[in-house]
Amino acid sequence: MSDDLKKLTGKNPKDFEPVAYSLVNNSDVKLFGELVEKDDFLFDFVKTNVAQRLAHVCNQSNYLNLLNFLKFYSPSYEDFIVATLAKYADEDLTDKMLDIFENGTDDEKTYCAKFFSYIQDSLALEMLRANAYSDCASLASNCASALALLNDEVSYNEALEKLDSDDEFAILDGVKFLVSYGRQDAITKIIEVMKKSSFAENISGEIPYLCPLSELNESDCLFVLNSIINGLGEILGLCQVFDFQLYEMLENLINNTKSSESAIVLLNAKDKFDTLTENDEYLFDESKDTKQEVLDIKKLLDSMDLSQLYLLADNELKSDSLFVFTALELTDDTQKVRELLTSSNPAVLVKALEVLKSFDELTASDKDSALKSVEDVNIRNIISAM
């Protein structure tokens, strides 16, 4: 870390004020680039302080210097940069931002998309639509948010149509757009799609940013929560436990009357947080706050009486249950597992057979029972090979 960056991020006004003044007034792109490069190593409050220091220096005489910083995108400094540009914006600046939006890098375009959330100019509409599904997540999100502020029904309806696609990646793109767009009336369709998707964990991690889980009906809430738990540590970052209010959600389940669905969620959470805390690879790179929250959740789950939960959880060993796959992971009742071998759902059949095999109780009779319910040649070959 350079001496100037140490001063800029430090506590002493005699140090950081001259550096902030120089960075903005001299368009010190090198120093700003270094600042962005250190994003992951600086505390949030430090980055907030730096953004405020730089914003304080900006005025009508120097605000255009910020355009030189657009090549280094950071969500930590995005609001101060864009808000400052929007504060002094005129027709010339808007034209410049349109040009950058059309011809710039993804980092530059991301700032531009945010700018057009402030300056809601219809001239940006086509470029916002064109970049709404960019591989750059920040750019895509900013475009969707700007399109929402422009009340663009065309892009909203196109995203809804993506949910009907046969392509799981297109569906996920549609979900992410709708979440950034922010219309809660999409939540019902998103959850229905999620129930049939192989990307359920990915979709579940998006839903709380559109609608608090507590506002969903109980069954949907538990299904989304269970999928979030499945995805933690692999698909979903552990730091998101705060966004999901996971401690509070689980505490509420523990303290209220249990259903078979809530029992599944709690037992699944217990297994997941045991895994997360037994293996250093999950927590090694996490912040102190995240590590502590994960440990606090584990402590909360360790306080449960598990015996009744296991009895309740077995009630979800039915082919049409949204929780059947988790129930199969948790059960030791092989008789109830065998009852699923007549299921019309091939995925449930195969999972049930895998569970029996893991208990070393898979018989030729079990395989014959399963084969009677399956016509697909590929599934029959999988069963025969077990």
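Given the structure is predicted, the values throughout are model-derived calculations rather than measurements. The figures that follow rest on heavy atoms only: side chains count, while hydrogens, waters and symmetry mates do not.
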May I ask you to decide whether [X] forms a salt bridge with [Y], counting only side-chain N to carboxylate O separations under 4.0 Å?
{"X": "K372", "Y": "D368", "answer": "no"}
{"X": "K318", "Y": "E339", "answer": "no"}
{"X": "D152", "Y": "R129", "answer": "yes"}
{"X": "K298", "Y": "D302", "answer": "yes"}
{"X": "K195", "Y": "D220", "answer": "yes"}

Indicate yes or no for a side-chain donor-acceptor contact from [X] to the backbone of [Y] under 3.5 Å, with no hydrogens or angles considered.
{"X": "E215", "Y": "P212", "result": "no"}
{"X": "D28", "Y": "L23", "result": "no"}
{"X": "S321", "Y": "L317", "result": "no"}
{"X": "K272", "Y": "L232", "result": "yes"}
{"X": "N268", "Y": "E329", "result": "no"}
{"X": "K258", "Y": "N256", "result": "yes"}
{"X": "N226", "Y": "F223", "result": "no"}
{"X": "Y111", "Y": "S74", "result": "yes"}
{"X": "E293", "Y": "V241", "result": "no"}
{"X": "E17", "Y": "K14", "result": "no"}

Taking every non-hydrogen atom, the tightest pair across [X] and [Y]:
{"X": "L222", "Y": "S262", "result": "CD1-N, 3.8 Å"}
{"X": "L178", "Y": "L210", "result": "O-CD1, 4.0 Å"}
{"X": "F16", "Y": "L8", "result": "CB-O, 3.7 Å"}
{"X": "L312", "Y": "A263", "result": "CB-CB, 3.7 Å"}
{"X": "N25", "Y": "N65", "result": "O-ND2, 3.4 Å"}
{"X": "K109", "Y": "G104", "result": "CE-O, 3.3 Å"}

Could you see if [X] belongs to whatever hydrophobic cluster contains [Y]? Use Ile, Leu, Val, Met, Phe, Trp, Tyr and a side-chain cutoff under 4.5 Å.
{"X": "F359", "Y": "L349", "answer": "yes"}
{"X": "V24", "Y": "V29", "answer": "yes"}
{"X": "V265", "Y": "L306", "answer": "yes"}
{"X": "L300", "Y": "L295", "answer": "no"}
{"X": "V324", "Y": "L225", "answer": "no"}

Is it true that atom [atom1] of [X] has more than 12 heavy atoms of other residues, nucleotides or ligands lying nearer than 6.0 Å?
{"X": "E278", "atom1": "CD", "answer": "yes"}
{"X": "E91", "atom1": "CD", "answer": "no"}
{"X": "F325", "atom1": "CZ", "answer": "yes"}
{"X": "K71", "atom1": "NZ", "answer": "no"}

Open item on the list: Could you tell me if the side chain of C239 sits less than 4.5 Å from the side chain of E286, heavy atoms only?
Closed with: yes
Task: Close side-chain approach of L93 to Y63, heavy-atom, < 4.5 Å - done: yes
Task: CZ on F32 to CG on N68, rounded to 0.5 Å - done: 11.0 Å
- [ ] Look up atom CD in E78 and atom CG in N142, then write down how far apart they are to the nearest 0.5 Å.
- [x] 4.5 Å
Task: Row check, Y73 ring normal vs K114 NZ/CZ: under 6.0 Å, within 45° - done: no
Open item on the list: Go through it in stages, so that I can follow the logic: the residues are E316 and L330, the test is side chain to side chain contact (heavy atoms under 4.5 Å, CB included), and I'd like the CA-CA distance, side-chain angles, deciding distance and then a yes or no.
Closed with: CA-CA 11 Å; E316 294 302 314; L330 297 169; over 6 Å; no
Task: K47/D44 under salt bridge (Lys or Arg N to Asp or Glu O under 4.0 Å): CA gap, chis, key distance, verdict - done: CA-CA 5 Å; K47 291 182 281 191; D44 287 344; 3.6 Å; yes
Quick one about [Y] and [X] (side-chain donor to acceptor, distance below 3.5 Å, no hydrogens or angles considered), yes or no?
{"X": "T363", "Y": "D366", "value": "yes"}
{"X": "D185", "Y": "Y156", "value": "yes"}
{"X": "E168", "Y": "N202", "value": "no"}
{"X": "S319", "Y": "S343", "value": "yes"}

Task: Worked check of salt bridge (Lys or Arg N to Asp or Glu O under 4.0 Å) between K96 and D92 - done: CA-CA 6 Å; K96 287 180 182 177; D92 287 343; over 6 Å; no
TODO: Test salt bridge (Lys or Arg N to Asp or Glu O under 4.0 Å) on D164 and K189 and set out the steps.
DONE: CA-CA 10 Å; D164 296 321; K189 186 166 185 178; 3.0 Å; yes
- [ ] Apply side chain to side chain contact (heavy atoms under 4.5 Å, CB included) to the pair S307 and L311, showing each step before the final yes or no.
- [x] CA-CA 7 Å; S307 57; L311 290 174; 6.0 Å; no
Task: side chain to side chain donor-acceptor pair (under 3.5 Å), paired with Q292, selected from T290, D289, D296 - done: D296
- [ ] Over 60° means perpendicular and under 30° means parallel, so classify the ring planes of F116 and F101, tilted if in between.
- [x] parallel
TODO: Measure up the F45 and F43 rings against each other and bin them: parallel (under 30°), tilted (30 to 60°), perpendicular (over 60°).
DONE: parallel
